[in-house]
Amino acid sequence: MTTLADLIEVLDAAYPPKLAESWDSVGLVAGDPADEVTRVLFAVDATAGVVEEAIDWRAQALVVHHPLLLRGVDTVAADTPKGALLHRLIRSGCALFTAHTNADSADPGVSDALAAAIGLTVTGPIDAKPEAPIDNWVVQVPPSHADAVLSALFMAGAGSSGDYRDCALRVPAVGQFRPMAEATPAVGVLGELQRVDEERLELIAPPAARAAILSALRAAHPYEDPAYHITERASLPSTVGIGRVGTLPEPESLRAFTDRVAAALPPSAWGVRAAGDPDRSIYTVAVCGGAGDSYLNAVTRRGVDAYVTADLRHHPVDEHLRKGGPALIDAAHWATEFPWCAQAERVVQAGLPGLETRVSTLRTDPWTVSARS
């Protein structure tokens, strides 16, 4: 039997909750992790139409990109618009799960799906999410006390890596020291060079735990002055982060590239529009699913030829072009994120092949009518 907990585990592995922005709300919104799941529906938004589709199809889980409950929620009463949807889902035995900014930053994530739809070869993120800093502790200890010291360091917060605990490297070593006049050595004689068998312990820990770990080390170590040192892992290029940068198979005009984007995305009342010289040559491209105007300066620094995103506004675009920034392609917010639904479906199919899955084809874009003068 596949449970909702199994589904959550697969989705969290692909879109780690730790990648979500601090203001975001991701994960399980409604549902019992112990419940059985046989059908899963994917959509960008949990609208009334999508909820109706999930219930009619007898899905036990609805996975969406946009949170139904995000800001200022103080009631889910059935007589409120969002509360009514939640009550319908719960009464029908359908869970609701959200992967939002964690799916934006994941590798692959929302912008990878958008880049693939357009035909880009991705080279990296627009704005890489830095890895959390990690300390590497090296401690020398007599073999007789190695287990006790390690246990103390683990209790103080060292030795954790992802889903693993009590992690350490233990290497036999020979230490040497010469106790001077003011020393009170646990081993050796004042003034004489001592060589003793030791273990070299290496383990990682978050920088915030430094004080606790040092205190635990001094309390558990038999020497009056334990030998240790700490190094911090250097920042390395990351593949996770907002947006993606990539290249086209070959250069093409902005006019042709805009047609390419329009053909790759589902149709919407918003359509696809471009800002820039229609004959400009486009080869390197940045993309950001959803609203991406906050990254206009970042894509300019990247030196790309064009930037594809959504929800662009008049004044920021005007200022961007005055500064000589890349051409801009503006599409519907929903349309730029819709390709992610198929990506998330593939993730679940690979992790839980026994499930029946479907991507909702309902357009949840709030814009419904367009007109040309």
Side-chain angles (χ1 to χ4, degrees), residues 20-24 44-45 65-67 70-71 100-101 103-105 109-115 117-118 120 122-129 241-248 252-262 264-266 268-340 364-373:
E21 300 298 321
S22 59
W23 49 264
D24 202 4
V44 175
D45 303 279
H65 180 52
H66 290 148
L70 184 59
R71 298 184 179 91
H100 191 211
T101 53
D104 288 332
S105 286
V110 171
S111 290
D112 292 282
L114 174 58
I118 295 171
L120 300 179
V122 171
T123 57
I126 294 174
D127 184 33
K129 186 176 284 289
I242 298 296
R244 291 295 181 266
V245 176
T247 56
L248 290 167
E252 58 191 38
S253 70
L254 175 59
R255 183 182 289 106
F257 180 65
T258 305
D259 288 340
R260 170 193 285 267
V261 174
L265 298 181
S268 66
W270 184 279
V272 176
R273 55 187 180 176
D277 180 356
D279 296 317
R280 176 173 180 168
S281 180
I282 307 299
Y283 178 63
T284 57
V285 178
V287 301
C288 180
D293 62 356
S294 60
Y295 296 99
L296 290 175
N297 290 333
V299 298
T300 299
R301 290 192 298 271
R302 290 280 185 177
V304 298
D305 300 318
Y307 178 38
V308 181
T309 189
D311 298 345
L312 293 178
R313 297 169 294 155
H314 175 93
H315 293 296
V317 169
D318 181 57
E319 289 298 319
H320 169 84
L321 295 177
R322 289 175 189 270
K323 295 176 183 178
L328 300 175
I329 293 84
D330 184 36
H333 189 122
W334 163 81
T336 63
E337 295 177 329
F338 180 75
W340 168 82
T364 58
D365 186 6
W367 304 102
T368 57
V369 177
S370 62
R372 293 185 180 275
S373 57

>> Under the rule for ring pair (Phe, Tyr, Trp, His ring centres under 6.0 Å), what residues qualify as partners of Phe257, not counting sequence neighbours?
In response: none

> Does Arg260 have any salt bridge (charged side-chain N to carboxylate O under 4.0 Å, His left out) partners at least two apart in sequence or in another chain, and if so, which?
Replying inline: Glu252

> Nearest heavy-atom pair of Gly243 and Ser111: which atoms, and what distance?
Replying inline: CA-OG, 3.5 Å

>> Using the side-chain hydrogen bond (donor to acceptor under 3.5 Å, both in side chains) criterion, which residues pair with Asp311? Sequence neighbours excluded.
In response: His333

>> If you compare all heavy atoms of Ala310 against all heavy atoms of Ala331, which two are closest, and at what distance to 0.1 Å?
In response: CB-O, 3.2 Å

> Mind checking what makes side-chain hydrogen bond (donor to acceptor under 3.5 Å, both in side chains) contact with Arg273, not counting sequence neighbours?
Replying inline: Asp330

> With sequence neighbours left out, what residues match Asp305 under salt bridge (charged side-chain N to carboxylate O under 4.0 Å, His left out)?
Replying inline: none

> Taking only residues two or more places apart in sequence, or in another chain, which ones meet Thr101 in a side chain to side chain contact (heavy atoms under 4.5 Å, CB included)?
Replying inline: Ala20, Glu21, Trp23, Asp24, Asp104

> If you look at every heavy atom in Thr300 and Pro326, which pair is closest and at what distance?
Replying inline: OG1-CD, 3.5 Å

>> Is it the case that the side chain of Thr309 and the backbone of Val287 share a donor-acceptor pair, with hydrogens and angles ignored and the cut-off at 3.5 Å?
In response: no

> Residues two or more places apart in sequence or in another chain: which of them pass side chain to side chain contact (heavy atoms under 4.5 Å, CB included) with Ser294?
Replying inline: none

>> Donor-acceptor pair, distance only, cut-off 3.5 Å: does the side chain of Tyr307 make one with the backbone of Gly325?
In response: no

> Distance from Ser268 atom OG to Trp367 atom CH2, nearest 0.5 Å?
Replying inline: 11.5 Å

>> Could you report the tightest heavy-atom contact between Pro339 and Leu265, atom names first, then the distance?
In response: CG-CD2, 4.3 Å

>> So if I apply the side-chain contact (heavy atoms from CB on, under 4.5 Å) rule between Ile329 and each of Val285, Leu312, Leu254, which one comes out positive?
In response: Leu254

> In chain order, what residues pass the side-chain hydrogen bond (donor to acceptor under 3.5 Å, both in side chains) check against Arg255, with sequence neighbours excluded?
Replying inline: Asp279

>> Under the rule for salt bridge (charged side-chain N to carboxylate O under 4.0 Å, His left out), what residues qualify as partners of Asp259, not counting sequence neighbours?
In response: none

> With Thr123, which residues qualify under side chain to side chain contact (heavy atoms under 4.5 Å, CB included), at least two apart?
Replying inline: Val245

> Distance from Thr247 atom OG1 to Ile282 atom CD1, nearest 0.5 Å?
Replying inline: 13.0 Å

>> Do Ile118 and Val308 make a side-chain contact, defined as non-hydrogen atoms from C-beta onward lying under 4.5 Å apart?
In response: yes

> Would you call Lys129 and Ile242 a side-chain contact if the rule is heavy atoms closer than 4.5 Å?
Replying inline: no

> What are the two closest non-hydrogen atoms of Arg244 and Gly241, and how far apart are they?
Replying inline: NH1-O, 2.9 Å

> For Ile126 and Cys288, which heavy atoms make the closest approach, and how far apart are they?
Replying inline: CD1-CB, 4.4 Å

> Hey, is the main chain of Gly290 close enough, under 3.5 Å, to the side chain of Thr336 for a donor-acceptor pair?
Replying inline: yes

> Considering residues at least two apart in sequence or located in another chain, which fulfil the ring pair (Phe, Tyr, Trp, His ring centres under 6.0 Å) criterion with Trp340?
Replying inline: Tyr15, His65

>> Under the rule for side chain to side chain contact (heavy atoms under 4.5 Å, CB included), what residues qualify as partners of Pro366, not counting sequence neighbours?
In response: none

